[in-house]
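Please read the structure below before turning to the comments.
As the structure is a computational prediction, the values presented were derived from the model and not from experiment. All heavy atoms count here, side chains included; hydrogens, waters and symmetry mates do not. For ligands, and for the atoms within them, numbers begin at 1 and follow the listed sequence.
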Amino acid sequence: MNELSQKILTSYQVRKSREQKRIFQQLLQDHFDHITIDKCGAFGSENIIIGDIEKAELIFSAHYDTCARLPFPNLLYPKNIVKTFIYQLGVFFALFIPSIILLSVIFVLLDVPEIFTGFIGAFGALIVVWIMMFGFANPHTANDNTSGVITLVELASVLQEEKIAYVFFDHEELGLLGSSAFRKKYKEKMKKCLLFNFDCVGDGNTLLMMPTENVREKLNQIFEQIGKTEAEKQIEIVSAKKTFYPSDQAGFPNAVGTAAFLTNRFGQYYMNKIHTAKDIVCDENNIEFLKNKICVFAREYLK
Ligand SMILES: [Zn+2]
């Protein structure tokens with residue numbers, strides 16, 4: 001990893017408040033030329049762009065905002081939506097039930113009028129949303145998504161040409177707001193341009209690439225040619241339609257989502273540390289592997 005990547009990994013992992021994001025933006029501005037802060041959308045998302053979107057045929061992206069710290073990991077099985085959904089529902093109730101109990105105690109102690117106590121469920125749900133979105137910043141974001149940010153930094157340091165741009169999306173953790181605003185702003189452009197997104201690529205030996213139908217064949221063909229493995233690392237290409245991985249690539253017509261996964265003893269892919277204090281794994285070999293593969297991919301793709 002280069003010096004800037006090391007610096008981001010050691011000292012700039014928290015990018016949640018406006019001030020923390022500004023400091024990170026400045027860090028990139030000091031390092032790269034042709035960089036702009038593209039403020040867009042109703043929520044004032046500040047996407048960072050390196051290069052010229054209008055001239056680009058290939059855009060690499062990763063969200064740079066970071067999440068709130070939760071007591072439970074965001075366990076995710078990309079090939080098993082039912083299992084993931086049940087788990088997520090469990091997490092919701094694990095936060096919702098204590099919220100309701102706490103609210104009930106407060107309501108009793110303060111003798112709150114009945115008109116409010118009737119909405120206790122709604123208040124409880126709001127508390128859960130608040131904790132998930134606006135709670136205390138997670139100090140550890142090595143995988144989600146410092147790994148993606150570093151991947152872009154590494155690529156942008158060695159792969160600079162007119163047909164390639166890099167976008168660091170804002171507000172992914174608040175519901176893909178930065179990328180949605182970008183998608184609307186560059187709607188026509190993105191009909192012809194490929195978006196290659198990296199979100200949580202640092203923990204696990206399998207890099208799952210999830211292309212939309214429009215680009216699946218071309219992606220398959222290029223990676224068949226350039227190879228999908230190196231030491232213990234491997235790329236597996238699976239249809240985005242049949243895989244559950246909500247991130248910034250969602251909604252783009254020509255897109256590839258990329259994330260790293262661990263494998264359990266039944267051979268199922270999973271991710272188990274993000275959004276908690278355990279998010280401390282960003283395997284340098286993953287970044288190196290991706291950098292090497294993506295550089296060759298980009299040259300082939302733009303031929
Ligand atoms: Zn993420």
Check: Once the angle between the rings of Phe168 and Phe24 is folded into 0 to 90°, is it parallel (under 30°), tilted (30 to 60°) or perpendicular (over 60°)?
Finding: perpendicular
Next item on the list: Write the atom name of the N, O or S atom in Asp144 that is nearest the Zn ion (ligand 1).
Entry: OD1
Check: Can you tell me if Cys67 has an N, O or S atom under 2.8 Å away from the Zn ion (ligand 1)?
Finding: no
Note to self: Given the ring of Tyr301, does Lys218 sit roughly above its face, with NZ or CZ under 6.0 Å from the centre of the six-membered ring and within 45° of the axis?
What the structure shows: yes
Check: With clusters built from Ile, Leu, Val, Met, Phe, Trp and Tyr whose side-chain heavy atoms come within less than 4.5 Å, directly or transitively, what are the remaining members of the cluster of Met190, listed by chain and number?
Finding: Ile49, Ile53, Ile59, Val167, Phe169, Phe182, Tyr186, Leu195, Phe252
Margin query: Under 2.8 Å from the Zn ion (ligand 1), can any N, O or S atom of Glu172 be found?
Written below: no
Item checked: Any residue meeting side chain to side chain donor-acceptor pair (under 3.5 Å) with Glu236, in chain and number order, not counting sequence neighbours -> Tyr269
Check: Asp199: which N/O/S atom is nearest the Zn ion (ligand 1)?
Finding: OD1
Item checked: the Zn ion (ligand 1) reached by Glu173 (N, O or S, under 2.8 Å) -> no
Margin query: Given 3.5 Å as the limit, does a donor-acceptor pair link the side chain of Lys185 with the main chain of Gly41, or not?
Written below: no
